[in-house]
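Source: prediction; values computed, not measured. Quick note: numbers below take in every heavy atom, side chains included, and nothing from hydrogens, waters or symmetry partners.
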Amino acid sequence: MALIIDDSCINCDMCEPECPNEAITMGEEVYEIDPSLCTECVGHYDKPTCISVCPIDCITLDPDHKESQDDLLIKYARLTGK
């Protein structure tokens, strides 16, 4: 499942540089996560780094983009060529 940033985001700039897939970008009002690039850090880290650094806990699982662990590993392989 991809992650999503809700509208309580304060644009603190902590999450964007932490994303190994460059899935996080500034949207019109708050940061956004591209579900086609988000692997929840599978293949890179043990847990999503954006969630770890978010000071207000505004990053959660995106119910509109459900993916299994296997799906995330396949996406990781596609994105990284590994």
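Nearest heavy-atom pair across Cys38 and Leu72 is O-CD2, 4.0 Å. Contact between Cys41 and Pro48 at its shortest, heavy atoms only, is SG-CA, 3.7 Å. Here the closest non-hydrogen pair linking Cys58 and Cys54 is N-SG, 3.4 Å. The shortest non-hydrogen separation linking Glu32 to Ile5 is N-CD1, 4.2 Å. Across every non-hydrogen atom of Pro55 and Met14, the tightest pair is CD-CG, 4.5 Å. The two residues Leu37 and Glu22 have their closest heavy-atom pair at CD1-O, 3.7 Å.
At a threshold of 4.5 Å between side-chain heavy atoms, the hydrophobic network of Ile, Leu, Val, Met, Phe, Trp and Tyr places Ile51 and Ile24 in one connected group. Note on Leu61 and Tyr76: separate hydrophobic clusters, where clusters join Ile, Leu, Val, Met, Phe, Trp and Tyr whose side-chain heavy atoms are under 4.5 Å apart, directly or indirectly.
Side chain of Thr49 to main chain of Glu18: a donor-acceptor pair is present (N/O by atom type, distance under 3.5 Å, no hydrogens or angles). Remark: side-chain polar atoms of Asn11 are paired, donor with acceptor, to backbone N or O of Glu29 under 3.5 angstrom.
A heavy-atom distance below 4.5 Å is found between the side chains of Val42 and Gln69. His65 has its side chain out of reach of Ile4: every pair of non-hydrogen atoms, C-beta onward, lies at least 4.5 Å apart. Under the 4.5 Å side-chain criterion, counting only non-hydrogen atoms from C-beta, Leu3 is not in contact with Asp62.
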Exercise. Ser68 and Asp70: side-chain hydrogen bond (donor to acceptor under 3.5 Å, both in side chains), yes or no, with the steps?
Worked result: CA-CA 5 Å; Ser68 69; Asp70 288 339; 5.0 Å; no
For this session: Carefully, step by step, assess Glu67 and Ile74 under the rule side-chain contact (heavy atoms from CB on, under 4.5 Å).
Result: CA-CA 10 Å; Glu67 297 170 289; Ile74 291 168; over 6 Å; no
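Donor-acceptor pairing under 3.5 Å is recorded for the side chains of Ser8 and Asp6.
Separation of atoms OG1 (Thr39) and CG (Asn21) is listed at 4.0 Å; rounding is to 0.5 Å. Taking OH of Tyr45 as the start and OG of Ser52 as the end, the distance is 10.5 Å to the nearest 0.5 Å.
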